[in-house]
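Position 1 is the first residue of the sequence; numbering continues from there. Note that the coordinates shown come from a computational prediction; the quantities given were computed from them, not determined experimentally. Indexing begins at 1, ligand by ligand and atom by atom, following the structure's order.
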Amino acid sequence: MKRVLLTGAGGDVGQRITPLLKAIYPDLVLSDMKPLPNTHGLPFRQAELSDLPSVKAAVADIDGIIHLGGYSIEGPWETILNANIVGCYNLFESARLAGVKRIIFASSNHAAGFYLREETIPAEAPPLPDSRYGVSKAFGEALGALYAMKHGIGVTSLRIGNVGEVPLDVRRLSIMLHPEDLVQLIRIGLEHPDIVNEVFYGISGNTRAWYDNTRAEKFGYRPKHDAETQLKHAEAEQKKLSPDTVADAYQGGGFCSIEYTADMATIMDKLDRTMDFSG
Ligand SMILES: NC(=O)c1ccc[n+]([C@@H]2O[C@H](COP(=O)([O-])OP(=O)(O)OC[C@H]3O[C@@H](n4cnc5c(N)ncnc54)[C@H](O)[C@@H]3O)[C@@H](O)[C@H]2O)c1
């Protein structure tokens with residue numbers, strides 16, 4: 001994998017992993033819709049994801065793409081539609097036209113945020129989005145499957161938990177993803193010869209993970225970090241937060257309770273919440 005394009009390079013995750021990626025892929029190219037705080041001495045291609053011609057120009061002569069660009073929290077429909085749905089389509093279509101071989105898609109735990117915290121879900125768990133943002137990530141995973149099966153691009157969707165070096169609260173003990181572990185997952189997606197279309201959980205080797213990441217492990221993922229080592233920090237931060245019945249029940253946390261109007265007790269009664277993924 002020679003020329004790798006990183007979209008959303010100016011964002012929180014992009015800025016964290018650019019120096020790590022640069023050491024592995026010296027021909028790394030950065031892209032974002034606005035100039036970057038720091039290009040780390042790398043070439044930069046400005047591109048607005050909802051504008052197909054500008055995405056096509058950014059993707060020209062690229063071998064592999066790490067697609068982080070997009071709106072990264074819950075937001076108004078128009079914003080999600082343009083950045084994450086139209087933008088994601090433009091990215092995959094431009095990649096097909098340019099002959100790109102591999103794409104890493106930054107999906108999210110919010111594509112499956114309405115699973116209960118007692119559940120352990122594998123990569124095969126169907127999406128259960130907790131927000132318009134989560135729906136856009138489920139769309140991206142589906143689009144990735146289409147371009148993998150129909151056009152032969154090797155696609156890896158990472159259902160990312162929370163990227164950082166410390167768990168920001170008790171929920172993040174289950175879903176934290178250390179940047180070094182993220183880079184390991186990205187390398188598998190870009191380089192492993194057997195990738196067709198994969199969904200991996202973007203989490204470190206967390207003791208209290210809600211996700212069964214066997215699929216990633218089969219491809220050689222060996223996370224080096226575990227959020228549990230910073231349990232005291234997470235518990236101290238948790239004490240600063242107010243309880244929230246909906247957020248505290250589901251894996252997606254606060255995204256689940258945004259605009260929530262259902263009667264949760266009735267839903268819990270009706271649902272068979274013991275999901276069996278064993279068969
Ligand atoms: N940070 C996390 O822990 C986390 C968790 C789950 C998923 N993700 C996903 O990973 C990716 C990176 O996350 P982040 O925290 O760095 O987000 P961020 O919001 O900090 O960065 C996103 C970047 O995308 C760019 N962008 C937004 N809209 C764009 C558009 N229309 N055209 C071109 N560029 C656009 C922004 O300028 C920004 O630099 C996102 O796709 C996010 O949904 C992140």
Side-chain angles (χ1 to χ4, degrees), residues 5-18 20-21 30-39 44-59 65-76 78-92 94 103-113 127 129-141 143-144 156-169 171-172 174-179 181-183 185-186 189 199-204 206 210-211 227 251-255:
L5 179 76
L6 178 69
T7 71
D12 180 58
V13 178
Q15 286 292 297
R16 282 177 197 267
I17 66 172
T18 295
L20 305 176
L21 290 172
L30 307 180
S31 179
D32 207 300
M33 65 181 178
K34 50 182 193 260
L36 302 186
N38 183 356
T39 62
F44 173 65
R45 298 178 181 176
Q46 193 160 345
E48 162 57 52
L49 286 164
S50 60
D51 177 50
L52 183 60
S54 94
V55 181
K56 276 185 182 166
V59 165
I65 301 174
I66 305 161
H67 183 42
L68 302 183
Y71 199 72
S72 61
I73 51 172
E74 179 61 319
E78 285 297 322
T79 305
I80 300 286
L81 176 66
N82 288 323
N84 292 12
I85 293 191
V86 175
C88 197
Y89 176 79
N90 288 344
L91 190 282
F92 275 88
S94 300
I103 297 178
I104 311 298
F105 170 60
S107 183
S108 167
N109 67 93
H110 297 293
D130 59 22
S131 48
R132 290 176 289 276
Y133 166 74
V135 169
S136 75
K137 294 300 185 182
F139 170 84
E141 291 182 11
L143 197 65
T156 304
S157 294
L158 300 177
R159 285 185 183 167
I160 298 173
N162 185 240
V163 178
E165 293 171 10
V166 286
L168 302 176
D169 54 23
R171 175 173 168 266
R172 265 60 164 248
S174 299
I175 68 167
M176 192 194 88
L177 173 61
H178 192 285
D181 291 333
L182 170 57
V183 169
L185 285 165
I186 288 171
V199 175
F200 298 151
Y201 285 98
I203 54 165
S204 287
N206 301 329
W210 291 320
Y211 314 122
Q251 295 179 359
F255 279 48

Name the residues in contact with ligand 1, where contact means a heavy atom under 4.0 Å away: which are they? G8, G10, G11, D12, V13, D32, M33, K34, A47, E48, L49, L68, G69, G70, S72, A83, A106, S107, S108, Y133, K137, I160, G161, N162, V163
Ignoring hydrogens, what is the shortest heavy-atom contact between R132 and P76? Give both atom names and the distance. NE-C, 4.3 Å
Do the side chains of I175 and Y201 get nearer than 4.5 Å, heavy atoms only? no
Quick one: pull up OH in Y89 and CG in L143 and give me the separation to the nearest 0.5 Å. 8.0 Å
Rounded to the nearest 0.5 Å, what separation is found between the CG atom of L68 and the CD1 atom of I17? 5.0 Å
Taking E48 for its side chain and M33 for its backbone only, find out whether a donor-acceptor pair lies under 3.5 Å. no
Hits for salt bridge (Lys or Arg N to Asp or Glu O under 4.0 Å) against R171, two or more places apart or cross-chain, chain-then-number order -> none
